[in-house]
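Right, one structure below, let's go through it.
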There are 2 protein chains.
Amino acid sequence: MTSMAPEERIGSHLKRAEQALLAAKNAACKPAAVTVPQYAALLWLAEKPGISAAALARLCGVTPPTMNTVLKNLQERGLIERTPHEWHRNVLETRLTDEGRTVMELADSGAVRVERALAAAFTGEERELLIELLGRCAEVLDAQR
Amino acid sequence: MTSMAPEERIGSHLKRAEQALLAAKNAACKPAAVTVPQYAALLWLAEKPGISAAALARLCGVTPPTMNTVLKNLQERGLIERTPHEWHRNVLETRLTDEGRTVMELADSGAVRVERALAAAFTGEERELLIELLGRCAEVLDAQR
DNA sequence: GAATGTATGTTAGAGCTCTAATGCATGCAA
DNA sequence: TTGCATGCATTAGAGCTCTAACATACATTC
């Protein structure tokens, strides 16, 4: 018997929590009519104007082709603009448009509401502990690869 | 200032850990040439032979159309077979083939290895606490919707 | 100057995921 | 019997995600 019951697998509980997070954030982003990955990109773009798509991908924890897909959809909706870099001709600088900033702020208010509700479920001590334990998960799992 | 720093967001850490989990499980499933969702479906199918696709979807935490996609790929590879239910003609009973069972066992050994490594990063007390905290996350987030 | 290395951007292809809508079958109730 | 509710299966369409591969541009080194 080499197998393992689902409830014993930490991964099951991690996945379950992540799924709930995604669903909640998705609902929170709905008024702004953006997806969660789109919101994540917009949020980082507000903080780092002119960033390259590859760097943005690293910040968002996705691969460059994935970010490419997300940015394409954002550009078609006019929420971002991409202009060639003055020196490095191969690099495209990405920036929020005015509408993009408005949409980002709308989505952010929903996302922050979710995060505050989540944080409110824990004491300060529990929150720190949870973050520490999650960090250890990521560390161990990255090493596994 | 209604926004919130990424490091303060529990969701960021949750997502980070989940991403690492997915990457590790993906690597673990690679020798069996199945994806993580495919492995999850195969694992449940081994335990509940003849289950309907909708019920399987609920167990795996995805929607029926999603499970449909996964099962279609598994069927094309000959890892499962689907036969009409004797009474409820609308229902398809899904079962592992012999090859499906072999592949599932290969993938499972890799997945269990990941889970054991993950569990080994914590004391028994920490593990229980982490699971409890993750459960509270899911609860609060589901209520948010 | 030429070769190598590093980083960016893009395309192609496979697969997962969702919502929305539709069709079908079964069972229950008026 | 007719109608309604429930549940299963499927299709359509949009979007995210990855790996693999390729092209381009800049920087460093020989």
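Here is how names work: the chains are called A, B, and so on, in the same order as the sequence lines, proteins then strands, and each is numbered from 1.
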Does T66(B) form a side-chain hydrogen bond (donor to acceptor under 3.5 Å, both in side chains) with T63(B)? I'd like the steps, not just the answer. CA-CA 5 Å; T66(B) 297; T63(B) 58; 3.0 Å; yes
Residue E125(A) excluded, over 12 heavy atoms near CD under 6.0 Å: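 Atom CD in E125(A) is not crowded, with 12 or fewer foreign heavy atoms closer than 6.0 Å.
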E128(A) atom CD, over 12 foreign heavy atoms within 6.0 Å: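 For E128(A), atom CD is not crowded (no more than 12 foreign heavy atoms under 6.0 Å).
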Counting just side-chain N and O atoms, does [X] come under 4.0 Å of either OP1 or OP2 of [N]?
{"X": "Q38(B)", "N": "dC16(C)", "answer": "yes"}
{"X": "T63(A)", "N": "dC18(D)", "answer": "yes"}
{"X": "T66(A)", "N": "dC18(D)", "answer": "yes"}

Spacing between [X] atom [atom1] and [N] atom [atom2], to the nearest angstrom:
{"X": "L74(B)", "N": "dC16(C)", "atom1": "CG", "atom2": "P", "answer": "8 Å"}
{"X": "L42(A)", "N": "dC16(D)", "atom1": "CG", "atom2": "P", "answer": "11 Å"}
{"X": "R77(A)", "N": "dG15(D)", "atom1": "CZ", "atom2": "C1'", "answer": "13 Å"}
{"X": "K30(B)", "N": "dT19(D)", "atom1": "NZ", "atom2": "P", "answer": "8 Å"}
{"X": "E18(A)", "N": "dC16(D)", "atom1": "CD", "atom2": "P", "answer": "16 Å"}
{"X": "Y39(B)", "N": "dC16(C)", "atom1": "OH", "atom2": "P", "answer": "16 Å"}
{"X": "E76(B)", "N": "dG13(C)", "atom1": "CD", "atom2": "C1'", "answer": "15 Å"}
{"X": "N26(B)", "N": "dA14(C)", "atom1": "CG", "atom2": "P", "answer": "17 Å"}

Note, [X] side chain near [Y] side chain (heavy atom, < 4.5 Å):
{"X": "R9(A)", "Y": "V112(B)", "answer": "yes"}
{"X": "T83(B)", "Y": "R95(B)", "answer": "yes"}
{"X": "L130(B)", "Y": "L130(A)", "answer": "yes"}

Base, sugar-phosphate, or nothing: which does [X] touch, judged by heavy atoms less than 4.0 Å apart?
{"X": "V36(A)", "answer": "nothing"}
{"X": "N73(A)", "answer": "sugar-phosphate"}
{"X": "T69(A)", "answer": "base"}

Could you pull out all residues at least two apart from E99(B) that satisfy salt bridge (Lys or Arg N to Asp or Glu O under 4.0 Å)?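 Residues passing salt bridge (Lys or Arg N to Asp or Glu O under 4.0 Å) with E99(B): none at all.
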Write out a two-atom table: protein N or O, nucleotide N or O from nucleotides 6-12 of chain D, distance below 3.5 Å.
{"from": "dG7(D)", "atom 1": "N2", "to": "N90(B)", "atom 2": "ND2", "distance (Å)": "3.0"}
{"from": "dC8(D)", "atom 1": "OP1", "to": "R58(B)", "atom 2": "NH2", "distance (Å)": "3.4"}
{"from": "dC8(D)", "atom 1": "OP2", "to": "R58(B)", "atom 2": "NH1", "distance (Å)": "3.3"}
{"from": "dC8(D)", "atom 1": "O2", "to": "N90(B)", "atom 2": "ND2", "distance (Å)": "2.9"}
{"from": "dA9(D)", "atom 1": "OP1", "to": "L92(B)", "atom 2": "N", "distance (Å)": "2.8"}
{"from": "dA9(D)", "atom 1": "OP1", "to": "L92(B)", "atom 2": "O", "distance (Å)": "3.2"}
{"from": "dA9(D)", "atom 1": "OP2", "to": "A53(B)", "atom 2": "N", "distance (Å)": "3.0"}
{"from": "dA9(D)", "atom 1": "OP2", "to": "A54(B)", "atom 2": "N", "distance (Å)": "2.9"}
{"from": "dT10(D)", "atom 1": "OP2", "to": "N68(B)", "atom 2": "ND2", "distance (Å)": "3.2"}

